[in-house]
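Here's the structure we're looking at; comments come further down.
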Amino acid sequence: MTREKNNYGDYRTITTMKMLNAAILILVLFYPSLSTAWPTHTVCKEKNLEIYYKSCDPVQDFALSIDGCSKILTNTFDIRAAMILRHNIKELSLNVNLIINGKSILAYSQKLCEPNDRRFIFCGKRKGEHIYYEGPVTLGIHEIPQGEYKVSVKLYNGDHLTVACADFTIKNK
């Protein structure tokens, strides 16, 4: 064990300081309520169009990417999305809200999975399973007007438990 003199003239054990630093690091990494929010992820960023998202689920984040912003305006574009399920998906519903200046302008809801309907690959998946999708998506968007938009997306199961939740920011200059 080595001792080192600090600027104040007293001696401290380096091993003790290292253990204290390690304990703080472990506490920060494994105690989720210390962090206030998930980071904002960049989906794409090009000359005139930027899309970002942040998970609004306090317990879980997920991964989403596309090849380029300009491809969103085509009929079909490719995405990659991944997450680990915290809840079973026997039933799955989607809620989407378009928010401009803090007010919900458009609300859309759709049931994506029914108990005996396997319309999508994630229908019927169980808690703890990994979902990964890489492939085409069709949104039918041909133009995004100039401005900044917020889009809130929430997926919840038949027990009304959040499966995934994200707030998107879309900026078209």
Side-chain angles (χ1 to χ4, degrees), residues 24-46 48-73 76-114 118-141 144 147-173:
I24 291 171
L25 178 63
I26 289 170
L27 183 65
V28 169
L29 290 175
F30 294 109
Y31 196 71
S33 66
L34 286 178
S35 62
T36 56
W38 292 106
T40 299
H41 303 285
T42 301
V43 176
C44 63
K45 186 174 182 178
E46 292 181 359
N48 293 329
L49 185 60
E50 300 173 10
I51 301 175
Y52 305 95
Y53 77 93
K54 180 186 281 193
S55 175
C56 49
D57 184 335
V59 181
Q60 182 173 1
D61 201 0
F62 63 94
L64 173 71
S65 68
I66 62 171
D67 292 331
C69 282
S70 59
K71 294 185 180 190
I72 291 175
L73 300 177
T76 301
F77 58 96
D78 290 330
I79 71 163
R80 285 170 299 286
M83 70 179 295
I84 297 174
L85 287 178
R86 290 185 306 121
H87 306 290
N88 295 338
I89 301 178
K90 289 181 184 174
E91 296 179 34
L92 187 68
S93 297
L94 166 74
N95 284 350
V96 179
N97 287 304
L98 173 63
I99 302 161
I100 300 175
N101 297 327
K103 294 181 182 175
S104 181
I105 303 300
L106 177 68
Y108 173 79
S109 295
Q110 181 178 356
K111 194 154 238 177
L112 300 176
C113 299
E114 296 281 346
R118 302 258 171 142
R119 189 173 8 164
F120 297 102
I121 61 168
F122 46 80
C123 295
K125 295 283 187 179
R126 297 186 167 278
K127 177 181 177 176
E129 288 189 77
H130 183 256
I131 293 179
Y132 178 78
Y133 176 76
E134 183 174 358
V137 170
T138 302
L139 291 180
I141 297 174
I144 298 175
E148 184 172 319
Y149 308 94
K150 305 281 184 190
V151 178
S152 176
V153 178
K154 183 175 181 182
L155 293 164
Y156 57 93
N157 70 5
D159 297 325
H160 298 285
L161 298 171
T162 301
V163 173
C165 179
D167 292 323
F168 289 84
T169 301
I170 303 167
K171 297 178 182 179
N172 190 13
K173 301 172 188 174

Charged N to carboxylate O below 4.0 Å: is that the case for [X] and [Y]?
X: R119; Y: E114; value: no
X: D67; Y: R80; value: yes
X: D57; Y: R86; value: yes

Problem - Evaluation steps, side-chain contact (heavy atoms from CB on, under 4.5 Å), between I72 and I66 - result: CA-CA 9 Å; I72 291 175; I66 62 171; 3.3 Å; yes
I need the [X] [atom1] to [Y] [atom2] distance, nearest 0.5 Å.
X: T40; Y: Y52; atom1: OG1; atom2: OH; answer: 9.5 Å
X: L161; Y: D159; atom1: CG; atom2: CG; answer: 5.5 Å
X: I121; Y: I131; atom1: CD1; atom2: CD1; answer: 7.5 Å
X: D167; Y: I99; atom1: CG; atom2: CD1; answer: 6.5 Å
X: K71; Y: E46; atom1: NZ; atom2: CD; answer: 9.0 Å

Exercise for the section: Go through the steps to decide whether I79 and S65 satisfy the test side-chain contact (heavy atoms from CB on, under 4.5 Å), and finish with yes or no. Expected result: CA-CA 6 Å; I79 71 163; S65 68; over 6 Å; no
For [X] versus [Y], what's the shortest heavy-atom pair and its separation?
X: L112; Y: C123; result: O-SG, 3.8 Å
X: K45; Y: C69; result: N-SG, 3.6 Å
X: I89; Y: L92; result: CG2-CB, 3.6 Å
X: H130; Y: A82; result: NE2-CB, 4.1 Å
X: A166; Y: C56; result: N-SG, 3.3 Å

Sub-4.5 Å side-chain heavy-atom contact between [X] and [Y]:
X: L49; Y: I170; value: yes
X: K111; Y: E91; value: yes
X: V163; Y: L85; value: yes
X: R126; Y: N88; value: yes
X: I100; Y: E148; value: no
X: W38; Y: Y53; value: no
X: F168; Y: L98; value: no
X: P136; Y: F77; value: no

Practice task
Could you walk me through whether V96 and V151 pass the side-chain contact (heavy atoms from CB on, under 4.5 Å) test, one step at a time?
Solution key: CA-CA 7 Å; V96 179; V151 178; 3.7 Å; yes
Problem - Polar side-chain atom of S109 near backbone of N95 as donor-acceptor pair, under 3.5 Å - result: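 Here the side-chain-to-backbone pair does not exist.
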Exercise for the section: Give a yes or no on whether the backbone of I144 and the side-chain of N172 come within a donor-acceptor separation of less than 3.5 Å. Expected result: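 Confirmed, N172 side chain pairs with I144 backbone.
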Practice task
Check step by step if side-chain contact (heavy atoms from CB on, under 4.5 Å) holds for Q60 and M83.
Solution key: CA-CA 9 Å; Q60 182 173 1; M83 70 179 295; 3.5 Å; yes
